Structure formats: structure tokens, C-alpha cells
Amino acid sequence: ILIQVYLSIYFLIL
Amino acid sequence: MLELRLVQGSLLKKVLEAIKDLVNDANFDCSATGFSLQAMDSSHVALVALLLRSEGFEHYRCDRNLSMGMNLNNMSKMLKCAGNDDIITIKADDGSDTVTFMFESPNQDKIADFEMKLMDIDSEHLGIPEAEYQAIVRMPSSEFARICKDLSSIGDTVVISVTKEGVKFSTRGDIGTANVVCRQNTTVDKPEEATVIEMQEPVSLTFALRYMNSFTKATPLSGTVTISLSSDLPIVVEYKIAEMGYIRFYLAPKIED
């Protein structure tokens, strides 16, 4: 099963 | 006081068409560097980053950094009232809760102004670090759009794989499977028709086609698209905006559970 990753895993929330 | 005069007003119309379905509301930031925007889609898996550099405007006055919250659907409605050849000027006064779009026909015989209400948007700004990508593919934007459209009639996700053979776009669905391979091709009449693959190491990632198709709405902005891939980063799909800047879409991959 494929799950969608969120952007916050990669980028810092400023 | 803010006053930005863009002779090629159609660029702004195209930018709005490219992003309005992905993002509902966004803050446009105006600084000495230029007119920019960074916004995530509502599900926080895709991000759009736009930059229109100040040098690309015929007149660029921005006395202090200003962030203007706009509903992109409403902004698009207003910009649709501008002719494709019109000069567009964006104006706002300090502390004002409105922005004015002024449209001038090329021979100055028609001048229109549309005032739009601004909104307060509490948006999260993301820090996007500079990164080295394992593979960078540059190809005709229309070709990329065609592939995304074709594959989305077969499946919901696309696997993008870059090897020394080329870049492969694959999908599978209930009715079957599809694979499109584009090989490096630099022996073309025009540079924008070339497919150029710079690969440090092979990479393969899976993405939702729905978002990819949404990104291809930026196709009218540029003859080429640049796709940057790394196994531990979101994909970057970039459309350069002639002599002005860029629109970049970032999309987080889908991974095996």
C-alpha cells in the first residue's frame, strides 16, 4: 500500500 | 505604497491560471527582490513557489515589504477582465485592505481599474533548503503535460524513474498499465524541444497524478519544464517565466507503507 507523505517531513515550518 | 507595472500582463493571467486550482488563498509578498508567493495546497502535500523579479517590471515601486492576502479565485476573476495584450499595474496603499489592478490597452484607449478586497491569511511559511538532486530532467512542457494527462486516464499514480537509458513515466490501473520512456534528445531544431537528462545516480519515485496534472496548468508560461528528483526529497517541477523568474511546484512522494 502506498501512503502519501506530507511536505512538513521535508521542509521546516518557519 | 506599492505600484508594479507589468507590460506583459498576460504573464500574470497565466500565473493565476496555473495556481488557482491548487491553492485557494495565499499571501503575495512584495519586496525589493520582487513579487513572490509561497503556498501549500490544503492537504499539505504540494507547495507552489512563485517569483516575479522586480527587474522584470517596467516600473517597480515597493516602499516597504508588504504581504497581501488574496483569494486566488477572486483574483483570477479580476485578471480575466484584462485583455491578453493589456499592461497590468498592481497598486496598493500602505495599510489598505484593498488592492487595485489597473488594465491598460496597448494603444492606451481603454483603461480599467478593478479593486479587490484583501484578506488576512495565517499561512505557514516553509524553509526550503538548497539541495543537490540525483537527477534533473529538462523536457518540452507540452510533452510532460501530454504524458501526465495520458497516464491519468489509466492510473492514479505515476512512477518517475531516471536511469542512463532515459526518464520513464509508468502507471497502472484497473484496465492495465502504461509506460512512457523519454530518451535524452539534443539533436533538435529548437533548444526548447530538447530532452536533457543530468543524472548523478538512478532514482525512482511515486507521485499522485492528480497533482502532476494540476502543475501542468503552468504549461503556457514556458516551453520547457525542469523536473528535479532525489529519493529523500519532494519532486520539484519548475517552469521558468521568461526573464522574470519562475513558478516551482513541490510535491511529496508516495511511499510503501
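Quick caveat, the model's predicted, so the values are computed rather than measured. Chain letters run A, B, ... following the sequence lines, proteins first, then strands; residues in each count from 1.
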For this session: For chain A, find which of B/Ala208, B/Ala46, B/Pro253, B/Ser43 contributes the most heavy-atom pairs closer than 4.5 angstrom.
Result: B/Pro253

For this session: Kindly say whether B/Ala252 contributes a backbone atom to a donor-acceptor pair with the side chain of A/Gln4 at under 3.5 angstrom?
Result: yes

For this session: State whether the number of non-hydrogen atoms from other residues, nucleotides or ligands found under 6.0 Å of B/Asp94 atom CG is greater than 12.
Result: yes

For this session: Count the heavy atoms of every other residue, nucleotide or ligand shown that sit under 6.0 Å from CG of B/Asp156, and state whether that count exceeds 12.
Result: no

Exercise. Hey, are the side chains of B/Asp257 and A/Leu2 touching, using non-hydrogen atoms and a 4.5 Å cut-off?
Worked result: no

For this session: Find out whether A/Phe11 and B/Pro129 are in side-chain contact, i.e. whether some heavy atom of one side chain is under 4.5 Å from a heavy atom of the other.
Result: yes

Exercise. In Å and rounded to the nearest 0.5 Å, what is the CG to CG distance from B/Asp41 to A/Leu7?
Worked result: 7.5 Å

For this session: Could you tell me whether B/Tyr250 and A/Tyr10 have their ring centroids closer than 6.0 angstrom?
Result: no

